[in-house]
Amino acid sequence: MYKDKKVMILGLARSGIASAKLLLRDNAKLILCDSKDNDTIRQNLQGLDLKDATVLLGVDPVNYLKDIDTLVISP
């Protein structure tokens, strides 16, 4: 369903990482964003295959919004 779609996930705590795992299995092109850039967020990303993903930590992702197909907002 999301194969080759650009999906942005805002928030990389538990539900954001769970969403990323599901979307990676579906071969989505991910843009992962979190307003924080800390060890907890970086640990959450470990173990994910992010070779084709864009990771934005502590950066405003507004410039990437125009290029996405779907937005996932993690609580």
Side-chain angles (χ1 to χ4, degrees):
M1 182 172 170
Y2 289 99
K3 182 180 168 101
D4 297 324
K5 299 285 185 186
K6 276 196 168 181
V7 180
M8 178 182 282
I9 299 175
L10 292 176
L12 299 176
R14 283 186 291 195
S15 58
I17 295 299
S19 298
K21 287 177 182 178
L22 287 171
L23 290 163
L24 284 169
R25 277 191 255 163
D26 209 11
N27 295 312
K29 307 276 189 229
L30 295 184
I31 302 172
L32 304 173
C33 309
D34 200 290
S35 61
K36 299 176 197 134
D37 182 0
N38 60 40
D39 291 338
T40 302
I41 299 299
R42 290 182 181 278
Q43 285 177 346
N44 290 347
L45 293 172
Q46 288 182 353
L48 296 179
D49 181 10
L50 300 176
K51 67 179 181 286
D52 294 326
T54 300
V55 179
L56 305 171
L57 301 178
V59 177
D60 187 351
V62 71
N63 292 331
Y64 292 82
L65 288 172
K66 65 182 185 312
D67 296 325
I68 64 169
D69 298 304
T70 303
L71 175 64
V72 176
I73 301 173
S74 174

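Please read these numbers as outputs of a predicted model, since none were measured by experiment.
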With K66 via salt bridge (charged side-chain N to carboxylate O under 4.0 Å, His left out) - residues at least two apart: none

Minimum side-chain heavy-atom gap I31-P61 below 4.5 Å: no

Cluster link L10 to I68, ILVMFWY, side chain under 4.5 Å: yes

Members sharing L22's hydrophobic cluster (side chains within less than 4.5 Å): none

Qualifying side-chain hydrogen bond (donor to acceptor under 3.5 Å, both in side chains) pairs with a residue from residues 45-57, counting only residues at least two apart or across chains: D49-K51

In one Ile/Leu/Val/Met/Phe/Trp/Tyr side-chain cluster, 4.5 Å: M8, I73: yes

Shared hydrophobic cluster, L71 / V59 (ILVMFWY, side-chain heavy atoms < 4.5 Å): yes

Residue list, side-chain hydrogen bond (donor to acceptor under 3.5 Å, both in side chains) with D26, at least two apart or on another chain: none

Same apolar cluster: Y64 and V7, side chain cutoff 4.5 Å: no

Closest contact, heavy atoms only, L32 versus L50: CD1-CD2, 3.6 Å

Point-to-point distance, once rounded to the nearest 0.5 Å, from OG1 of T70 to CG of L23: 8.0 Å

Which residues share a side-chain contact (heavy atoms from CB on, under 4.5 Å) with S19, sequence neighbours left out: I9, V72

Reported CD1-to-CG distance for the pair I17 and L12, which is rounded to 0.5 angstrom: 5.0 Å

Minimum heavy-atom distance S74-G16, with the two atoms named: OG-N, 3.1 Å

Hydrophobic cluster identity match, L56 and L30, side-chain contacts under 4.5 Å: no

Of all pairs that satisfy side-chain hydrogen bond (donor to acceptor under 3.5 Å, both in side chains), the ones with a partner from residues 32-42, not counting sequence neighbours: D37-R42

Partner residues of D69 under the side-chain contact (heavy atoms from CB on, under 4.5 Å) criterion, sequence neighbours left out: K5, K6

Between NZ on residue K29 and NZ on residue K3, distance to nearest 0.5 Å: 8.0 Å

